[in-house]
Amino acid sequence: MNKTRLAIFASGTGSNAVNIMDYFQKHPAIEVACVLSNRANAPVLEKAKTRLIKTCVLSNEEAENASILINLTTQFEIDYVILAGYLRLIPAEFILKFNRKIFNIHPSLLPKYGGKGMFGDHVHRAVLQSDEKETGITIHYVDPAFDEGEIIDQFKCDLVENETVESIRLKINSLELAHFPAVIERTILQKQ
Ligand code: GAR
C-alpha cells in the first residue's frame with residue numbers, strides 16, 4: 001500500500017516541522033514527502049535536507065498563488081498539508097482542493113487570540129497582558145479566514161504568577177511537540 005504523503009509548510013525555526021519529520025520517519029502508513037518555505041534562509045530547510053527530505057522555497061508572492069501550490073503538491077503527490085509555523089495566507093482555491101486536508105497549529109486556545117497578526121510571541125504577549133489563568137494550543141482545519149477553520153483538538157496548560165512571554169512560549173512549545181504529530185496521525189488514519 002502506498003503511504004499517505006505529507007507536505008509541511010513552515011516559515012521559521014521549524015521545531016514542529018522537525019518533530020513531525022522524526023515522528024513519521026519510520027511510520028508504516030504516513031511519510032513526509034517535502035518541506036516548503038517562503039523564506040530561503042529558514043532553518044527548517046537545512047533540517048529537512050539532513051533528513052533527506054525534499055525542500056522547496058517560494059517567494060511570498062508565489063506562496064499566495066493557488067496554481068503554483070497546486071502544481072507543486074501534484075508534482076510531489078501530496079495528500080495532506082501541515083502548516084507548522086507557516087505565516088502566509090493560503091489561497092482559497094488551494095484550500096478548496098485540499099478540503100479538510102490542511103491542518104494548522106496555533107499557539108492559543110482559539111477562538112481566543114487568533115486572526116491576522118496573531119502569531120508566535122504576539123499571541124503569548126496578548127495572553128500575558130490579559131491575565132489569563134490558562135492558555136494552550138489548537139490544531140484545526142484551514143479555511144479561507146485566518147484561524148477560523150473547524151477545531152480538531154486543543155490542549156491546555158496552566159499559567160502561574162510571574163509568567164513571561166518566554167515562559168509561555170516554552171510551555172506552548174512543549175505542548176505542541178507532545179501532541180501535534182499524534183493528532184495528525186490519528187486524524188489521517190480515521191479518514192482511511
Ligand atoms: C508555533 O508555536 C506555532 O504554533 C506558531 O508558530 C510557532 C512555530 O514554531 N504558529 C502561529 O503562530 C500561526 N498563527 P516552530 O517554527 O518552532 O515550529
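Order of appearance sets the numbers: ligands from 1, and atoms from 1 within every ligand.
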Option whose closest heavy atom lies nearest to atom 16 (O) of ligand 1, chosen from A42, S11, G85, G14: G14
Test of proximity, N104 against ligand 1: N or O pairs below 3.5 Å: no
Nearest-neighbour protein heavy atom for atom 11 (C) of ligand 1, which is reported as residue plus atom name and distance: P107 CD, 3.5 Å
Heavy-atom nearest neighbour in the protein, as seen from atom 12 (O) of ligand 1, with distance rounded to 0.1 Å: G120 N, 3.0 Å
Which segment of M118 sits under 4.0 Å of ligand 1 when only heavy atoms are counted: backbone
Residue and atom name of the nearest protein heavy atom (relative to atom 17 (O) of ligand 1), distance in Å to one decimal: S15 OG, 2.7 Å
Minimum heavy-atom distance between P91 and A63, given as atom pair plus value: CD-O, 3.8 Å
Protein residue, atom and distance nearest to atom 4 (O) of ligand 1, heavy-atom basis: E176 OE2, 2.5 Å
Nearest heavy-atom neighbours spanning L110 and Q154: O-NE2, 2.9 Å
V123 near ligand 1 by a heavy-atom separation under 4.0 Å: no
salt_bridge(D158, K133) N-O dist < 4.0 Å: no
Short side-chain to backbone donor-acceptor contact, R100 and Y141, under 3.5 Å: no
Distance from atom 9 (O) of ligand 1 to nearest protein heavy atom, with residue and atom: N16 ND2, 4.0 Å
Closest heavy-atom pair and its distance - N38, S11: OD1-OG, 2.8 Å
Pair E150-H140, side-chain donor/acceptor within less than 3.5 Å: no
V18 to R51 - nearest heavy-atom pair and separation: CG1-NH2, 3.4 Å
